[in-house]
Amino acid sequence: AAPRSWTIRTLVKVGRDVEGPARAYLAGIPGVDASALVPVSEPNNRVTLLYRDAAERTEVLTGGVPGWSAAELADAADACDALLVNFVSGHEATLEACRVLRAHFDGPIHADLHSLFLGTAPDGTRVPRPLVDLGGWLACFDSVQLNEVEASLAGARRPETTDFAARALASGPEVCAVTLGASGVVWAARHGGGPRGWLGRAAEVGRIATGSVTIGAPRTGDPTGCGDVWGAAFFSRLLAGDDVAGAAERATRLAARNVTHRGADGLFDILNREVTP
């Protein structure tokens with residue numbers, strides 16, 4: 001989804017127990033710069049997935065990779081033109097650190113809020129929960145995504161998901177997308193000709209545009225990682241100049257392709273094939 005001339009700089013902390021495999025994996029993806037990978041002494045985060053059915057699963061988290069401080073985030077961001085913040089564990093950064101980052105960084109920031117909506121029980125089981133101060137989190141980012149379960153924890157109910165996405169814009173982001181699994185995605189966007197000027201075609205000035213993308217016949221496979229693929233592709237295409245509808249359509253097609261491939265090994269090659277509807 002990203003233009004070939006771009007460099008994707010991975011700002012990630014990993015346990016020393018997986019540093020070698022992590023560097024080797026990133027080195028196998030064209031255009032990725034792993035020089036900002038930070039090894040830590042704590043054991044790497046690991047997640048065990050317990051499947052209830054093809055789409056529903058329970059996560060059990062172990063490991064102890066620490067989050068990024070506000071100073072670390074600000075320093076790392078200085079080398080970047082745009083940032084994608086992916087809350088994989090939910091412990092990557094505090095709200096205060098993200099507020100400092102927002103004040104420091106002038107470029108666009110997209111965030112996948114996923115694991116911020118998961119608490120951790122003593123045995124590591126991830127437990128869905130509402131996100132305290134959702135508006136404060138939304139204000140830190142220009143573009144945000146969450147899934148249908150997370151939107152429901154924030155008060156959205158079908159068929160009001162699109163209205164929820166539109167209401168979320170009042171907290172500050174220019175785009176809010178809610179992924180709906182096999183049903184696709186809905187989104188809302190407002191004109192982005194503000195101080196960062198990165199999103200100029202979403203809607204008329206002062207107006208909110210909404211839309212949706214469906215994926216046709218659901219594909220069988222494993223949905224793990226689809227939100228990660230969707231967010232990376234969506235943000236890349238927005239930065240490359242696509243309008244929100246076009247970026248969402250491209251991202252949804254790539255996320256649907258991810259369903260057919262289990263795990264991360266070889267995923268780049270799967271996604272890099274010519275994308276067809």
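By the 4.5 Å heavy-atom criterion applied to side chains, T224 and C226 are not counted as neighbours. Residues E174 and L169 form no side-chain contact, since every pair of their non-hydrogen atoms from C-beta on lies 4.5 Å or further apart. Under the 4.5 Å side-chain criterion, counting only non-hydrogen atoms from C-beta, L49 is not in contact with T58. Using a 4.5 Å heavy-atom cutoff, the side chains of L50 and T48 are in contact. Residues C140 and I109 have side chains not in contact (no heavy-atom distance under 4.5 Å, counting atoms from C-beta outward).
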Item to complete: Run the numbers on D17 and R46 for salt bridge (Lys or Arg N to Asp or Glu O under 4.0 Å), then give the verdict.
Response: CA-CA 11 Å; D17 54 329; R46 299 175 186 272; 3.5 Å; yes
Stepwise side-chain hydrogen bond (donor to acceptor under 3.5 Å, both in side chains) test for Q145 and H110
CA-CA 8 Å; Q145 71 180 87; H110 175 87; 2.8 Å; yes
Could you go through the salt bridge (Lys or Arg N to Asp or Glu O under 4.0 Å) check for K13 and E19 one step at a time? CA-CA 9 Å; K13 292 183 177 183; E19 180 184 358; over 6 Å; no
Kindly determine whether S152 and R157 satisfy side-chain hydrogen bond (donor to acceptor under 3.5 Å, both in side chains), including the steps that lead there. CA-CA 6 Å; S152 69; R157 294 290 183 272; 4.6 Å; no
#### Entry: Steps toward side-chain hydrogen bond (donor to acceptor under 3.5 Å, both in side chains) verdict (Y25, D265)
CA-CA 8 Å; Y25 174 76; D265 289 339; 6.0 Å; no
- Would S41 and R16 satisfy side-chain hydrogen bond (donor to acceptor under 3.5 Å, both in side chains), going step by step from the backbone distance to the final call? CA-CA 6 Å; S41 59; R16 292 192 185 278; over 6 Å; no
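Both F117 and L180 belong to a single network of hydrophobic side chains, linked directly or stepwise wherever heavy atoms of I, L, V, M, F, W or Y lie under 4.5 Å apart. If you chain together hydrophobic residues whose side chains sit under 4.5 Å apart, L61 and V127 never meet in one group. Residues F268 and L26 share a hydrophobic cluster, clusters being chains of Ile/Leu/Val/Met/Phe/Trp/Tyr side chains in contact below 4.5 Å. Y51 and V259 fall into different hydrophobic clusters, defined by Ile, Leu, Val, Met, Phe, Trp and Tyr side-chain heavy atoms under 4.5 Å apart, directly or through other members. In the hydrophobic clustering of ILVMFWY residues, with side-chain heavy atoms under 4.5 Å counting as a link, L101 and V38 come out together.
Judged by distance alone, with hydrogens and angles left aside, the side-chain atoms of R9 form no donor-acceptor pair with the main-chain N or O of D33 at under 3.5 Å. A distance-only check finds no donor-acceptor pair linking the side chain of T179 to the backbone of G181 [under 3.5 Å]. In this structure a side-chain-to-backbone donor-acceptor pair under 3.5 Å is present from E92 to V88. For S69 (side chain) and E72 (main-chain N/O), a donor-acceptor pair under 3.5 Å exists by modelled atom type. Not one N or O on the side chain of D112 forms a donor-acceptor pair closer than 3.5 Å with the backbone of N86. Of the possible donor and acceptor atoms, none in the side chain of R253 sits under 3.5 Å from a partner among the backbone N and O of I215. With hydrogens and angles disregarded, no donor-acceptor distance shorter than 3.5 Å links the side chain of T125 to the backbone of A121.
The minimum heavy-atom distance linking A1 with L254 is given by the pair CB-CD1, 4.2 Å. For the pair H261 and L267, the tightest heavy-atom approach, listed with the atom from each and the gap, is NE2-N, 3.7 Å. Listed here is the closest heavy atom pair of L84 and G231: CD1-O, 3.8 Å. The heavy-atom pair separating V244 from A189 by the smallest distance is CG2-CB, 3.9 Å. Across every non-hydrogen atom of C80 and F105, the tightest pair is O-CE1, 3.4 Å. Pairing each heavy atom of D243 with each of G246, the nearest pair is OD1-N, 2.7 Å.
Expressed to the nearest 0.5 Å, how far CG of L113 lies from CZ of F87 amounts to 7.0 Å.
Comment: E249 does not engage R237 in a salt bridge, judged by the lack of any side-chain N to carboxylate O separation of less than 4.0 angstrom. Comment: D142 engages R102 in a salt bridge, judged by a side-chain N to carboxylate O separation of less than 4.0 angstrom. Under the 4.0 Å criterion applied to side-chain N and carboxylate O atoms, D133 and R99 are assigned as salt-bridge partners.
In this structure, the ring of F235 has its center no less than 6.0 angstrom from the ring center of W230.
Donor-acceptor pairing under 3.5 Å is recorded for the side chains of H104 and D78.
Counting heavy-atom neighbours within 6.0 Å of D81 CG, excluding the residue itself, gives a total of 12 or less.
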